[in-house]
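Have a look at the structure below, then the notes.
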There are 2 protein chains.
Amino acid sequence: MRLSRYFMPILKENPKEAEIVSHRLMLRAGMIRQQSQGIYSWLPLGKRVLDKVNSIIREEQNRSGAIELSMPTLQSAELWQESGRYDAYGKEMLRIKDRQDRPMLYGPTNEEMVTDIFRSYVKSYKNLPLNLYHIQLKFRDEIRPRFGTMRSREFMMKDAYSFDLTREGAEHSYKKMFTAYLRTFDRLGLRAIPMRADTGPIGGDLSHEFIILAETGESEVYSHKDFVNFDIPPADTDFDDAAGLNAIFDKWTSVYAATSEMHDEAAFNAIPETARLSARGIEVGHIFYFGTKYSEPMGAKVQGPDGKEHTVHMGSYGIGPTRLVPAIIEASHDDNGIIWPASVAPFDALVINMKAGDAACDAACEKIYAALSKAGKDVLYDDTDDRAGTKFATADLIGIPMQIIAGPRAVANGEVELKDRKTGARETMTIDAAINKLLA
Amino acid sequence: MRLSRYFMPILKENPKEAEIVSHRLMLRAGMIRQQSQGIYSWLPLGKRVLDKVNSIIREEQNRSGAIELSMPTLQSAELWQESGRYDAYGKEMLRIKDRQDRPMLYGPTNEEMVTDIFRSYVKSYKNLPLNLYHIQLKFRDEIRPRFGTMRSREFMMKDAYSFDLTREGAEHSYKKMFTAYLRTFDRLGLRAIPMRADTGPIGGDLSHEFIILAETGESEVYSHKDFVNFDIPPADTDFDDAAGLNAIFDKWTSVYAATSEMHDEAAFNAIPETARLSARGIEVGHIFYFGTKYSEPMGAKVQGPDGKEHTVHMGSYGIGPTRLVPAIIEASHDDNGIIWPASVAPFDALVINMKAGDAACDAACEKIYAALSKAGKDVLYDDTDDRAGTKFATADLIGIPMQIIAGPRAVANGEVELKDRKTGARETMTIDAAINKLLA
């Protein structure tokens, strides 16, 4: 992508409304724009990151055996009356009347709808276990939306729903998602700690929040420091192997970790003082086992091997992609801007032409841009006639992992400079060497 | 994907509510489910097709130079008051009040919001031309939603918006989209005819609908038969070459084509009778040039090369992916079910195990499934113990282009049967030959 043809509106000034660094950097880098209170557009640079986050989430959901579908954003009130949540949900639910005056709502979550889908089609235990997920917009009419897309009203959620014949099966399904979440956050460059959590309005008796540590986090968290060194389950993890998943789950729940709602001061104090971690964190995922809370009132039953009808056991599993993007920034930035993990960077490399219009600089940049693009890399090419200082500041602000800087002096020697955004390390090398290094 | 672990709820009976073949087949193949009137879930098989359609649309938008972003579904009423459309839009607009009693709406289209984004950031003609698009849900509260996702209330739209300094520039932008649309529909296996169209509530003075012919179409259309043989612009079309795009546009608008609203009986009758085509059609795309209709009231101006402020010229360009899926089925099916064009098929191949549990059949199927999957093909493997007749009927219903049938007799000879869904041609060959043929 040539920057001269791209739409990446960089803000020079720090926006006043931004209280936390990720919100400030996302606005300054032209990633998002607030359209109404707590409702955002994702501008092209932000959209690219969001897509990469979603694609990692999707890969790990699929790997665990979950199946993607897409439920609509608007739901009829009737479904929620069946579960009893229509009245209980409160003002965060955006209630709507259509032209026929039918009561509808903008889905804040999808337990009711997916249970309705399940009961319409699935009649036998032979079709279980089943885990259905979608990545879809949700709306929660927060009284105080803030921190940009970290706590917005219209937001994106990956929500998965598992169906099993027995509690034992449901726990296996729960641990599949537990494992998939560990892998997902790791691939996003985050170290997330699973913590026993309150189940809130979703309900149920088993629940973990996945929390990443950040000073600006809204949750107070308490845990053992050992989490930092626990191994992430590998890509070839067998999700059908219940014993193997039990071992992963047991390891990751073997030491203390809890949010303030579930905090047990005595248990925490039993940890050696040097191993205690008391910090702030951002919730990036939340998983629930809630048994028959929805299947019972909504009549989601299957015939079991005994020929009788059994109410299915369910769980739900959420990750917020539009919250993950700022969470990644909170965890990875410096004074000059964002430092993207390679897996979610909007572009793999940024080619900076220090003297656009100069035949040698143009030729060097075009050669690098063409070679990397041809090899399937996402490359942003700054071909504008902005000043050098502006180009460098923008490069650091938008945080693309590798910068290739082509200035007249170096190019005269057939060379360019590579700058690693994260370490700041710079290296001068021939144009071919630079291409080879980026394709290595 | 193993069918035993997939969620593909096939309906045995023809659903009564379906009036047209695509709606009937989408319900029977378990592609969609109606959740409320005119509001659908896309079940896994449908979601796969929708994703493939969107990915072709996206590739062709990007090729033409349009840039993807993502605007939210909910909009504030204020923006629409600025353009004057808030009162004009009528009951199809779903109006909402949030908890603060602020008037909002579920976007039926995005001219206002994208103009607001433009005016906030773009100040100079140097940043033009610009074309921003997104693929996002829309809501239009139709009085009579029908035909499944062909005319639903919540639907997906790719909408692009172009910004230019001059009318001449805007016409070049219009022709870029015109060309991109020809390529898009062709890649979807459709022959779409661009027809001069009424501009309706979007406004403007230049507009084309892209129509595919189908008996169940809602539009009456009149055209010259020559369209069927016009060449589609190639993938290496230079979208910066205004003269080249003019030639494409002139060719494709050189003979008569109009919807009933714009029909000119005299012009149509001037066509030789054997070349006249009078038929029904489905609108699958609609493009508009509307000049300063939104930029003027909303103050979207840039500084021109003359140092003065100029109100920008705009166009908008829509394609409905959730309508395209049934449109493709209307154009490509037989009595037994859907016949997917390869480009949008939910799976590339279907492996049918005629005797699941038989060691030789299982081994043959697993070998084929593994080899094709490893090569990056999307394969559905029917490993269920359903009866042969059920498996064949399902295979034809869901319309995957190639079926690989592994029955005990053939497998005993090291062979399988290949069936081409479209032609019905069957061919017996060795397992390796079948793999090689599918990977060729």
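It should be emphasised that the depicted structure is a prediction, and the values quoted were computed from it without experimental measurement. Side chains included, hydrogens not; waters and symmetry mates left out as well; all remaining heavy atoms used.
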Heavy-atom distance under 4.5 Å to chain B: side chain of [X], backbone, both or neither?
X: A/Arg48; answer: neither
X: A/Asn127; answer: neither
X: A/Leu50; answer: neither
X: A/Met93; answer: neither

Using a cut-off of 6.0 Å, state whether more than 12 heavy atoms not belonging to [X] lie near its atom [atom1].
X: A/Gln100; atom1: CD; value: yes
X: A/Asp385; atom1: CG; value: no
X: A/Lys123; atom1: NZ; value: yes
X: B/Glu17; atom1: CD; value: yes
X: A/Gln81; atom1: CD; value: yes

Sub-4.5 Å side-chain heavy-atom contact between [X] and [Y]:
X: A/Glu92; Y: B/Arg99; value: yes
X: A/Arg5; Y: B/Asp240; value: yes
X: B/Asp98; Y: A/Arg153; value: yes
X: A/Tyr121; Y: B/Leu11; value: yes

Who pairs with [X] by ring-ring contact (aromatic ring centres under 6.0 Å, His included), at least two apart in sequence or on another chain?
X: A/Tyr86; result: none
X: B/Phe155; result: none
X: B/Phe139; result: B/Tyr106

Legend entry - Intermediate values then yes/no, side-chain contact (heavy atoms from CB on, under 4.5 Å), B/Leu130 and A/Tyr6: CA-CA 8 Å; B/Leu130 182 65; A/Tyr6 199 46; over 6 Å; no

Please identify, among [options], the residue contributing the most non-hydrogen atom pairs under 4.5 Å to chain B.
options: A/Met71, A/Met1, A/Glu154; result: A/Glu154
options: A/Arg102, A/Gln75, A/Arg95; result: A/Arg102
options: A/Val122, A/Ile96, A/Ile117; result: A/Ile117

Legend entry - Greatest number of heavy atom pairs closer than 4.5 Å to chain A - which of B/Leu45, B/Leu94, B/Leu79, B/Leu69: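 Among B/Leu45, B/Leu94, B/Leu79, B/Leu69, the one with the most close pairs to chain A is B/Leu69.
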
Inset, instruction - Under 4.5 Å, counting heavy-atom pairs only, tell me which of B/Pro72, B/Pro9, B/Ser120 racks up the most with chain A. - result: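 Ranked by contacts with chain A, first place is B/Pro72.
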
Inset, instruction - Quick one: pull up CG in B/Leu74 and OG1 in A/Thr73 and give me the separation to the nearest 0.5 Å. - result: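 Here the rounded value is 8.0 Å.
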
Legend entry - Interatomic spacing from CG in A/Leu137 to OG in B/Ser70 - rounded to 0.5 Å: 7.0 Å

Inset, instruction - Could you list which of residues 31-44 of chain B have a heavy atom closer than 4.5 Å to any heavy atom of chain A, in residue-number order? - result: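 Residues of residues 31-44 of chain B touching chain A at under 4.5 Å: B/Ile32, B/Arg33, B/Gln35, B/Ser36, B/Gln37, B/Ile39, B/Tyr40, B/Ser41, B/Trp42, B/Leu43, B/Pro44.
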
Inset, instruction - Select one option (side chain, backbone, both, neither) describing which atoms of B/Leu132 are under 4.5 Å from chain A's heavy atoms. - result: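 Answer is side chain: those atoms of B/Leu132 sit under 4.5 Å from chain A.
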
Inset, instruction - Pick one of side chain, backbone, both or neither for B/Asn62, based on which atoms fall under 4.5 Å of a heavy atom in chain A. - result: neither

Legend entry - B/Glu68 side chain to A/Lys47 backbone, donor-acceptor under 3.5 Å: no

